[in-house]
Amino acid sequence: MYTQFSVMNIISRRIYTVLLGFVCFPVLLFIPINKRTRLTSYMYRCWSQTSTKPLWLSRLEHSIPRR
């Protein structure tokens, strides 16, 4: 149902995220906290995603069930 990204796709997404972080770092220091949080959340989602499956669903599948 969900397709796994290729290794090149994952590496290019992570390079994009690092470059975005370097470019946005000076801006992050001066923008309000709510916009800063949205941008860093986007960067985290971009960094962590390895398939077309939503990130929250993949995290939920790997979590430890409660007793």
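Values below: all heavy atoms of this structure, side chains included; hydrogens, waters and symmetry mates excluded.
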Sequence-distant partners of Q49, side-chain hydrogen bond (donor to acceptor under 3.5 Å, both in side chains), two or more places apart:
R13
Would you please test T17 and Y44 for side-chain contact (heavy atoms from CB on, under 4.5 Å) and show each step?
CA-CA 8 Å; T17 306; Y44 174 74; over 6 Å; no
Is any side-chain heavy atom of S12 less than 4.5 Å from a side-chain heavy atom of N9?
yes
When clusters are formed by joining ILVMFWY residues with side-chain heavy atoms under 4.5 Å apart, either directly or through shared neighbours, do Y42 and L28 land in the same one?
yes
Out of curiosity, F30 CZ to R36 CZ, how far, rounded to the nearest 0.5 Å?
10.0 Å
Side-chain heavy atoms nearer than 4.5 Å, only ILVMFWY residues, links allowed to pass through others: does that put L19 and I11 together?
yes
If hydrophobic clusters are built from ILVMFWY residues whose side chains come within less than 4.5 Å, do L39 and Y16 share one?
yes
Nearest 0.5 Å, please: how far is SG in C46 from CG in L55?
11.0 Å
Backbone of T37 reached by a side-chain donor or acceptor of S41 within 3.5 Å:
no
ILVMFWY cluster, I31 and F25 together (side-chain gap under 4.5 Å):
no
Rounded distance [0.5 Å steps], CG in L60 versus NZ in K53
10.0 Å
Mark yes when over 12 heavy atoms from residues, nucleotides or ligands other than Y2 sit less than 6.0 Å from its OH; otherwise mark no.
yes
Which distance, rounded to the nearest 0.5 Å, do you find between the OG1 of T40 and the CZ of R45?
9.5 Å
Straight-line distance of L57 CG to T52 OG1, nearest 0.5 Å
10.5 Å
Under 4.5 Å side-chain linkage, directly or through intermediates, the cluster mates of V23
none
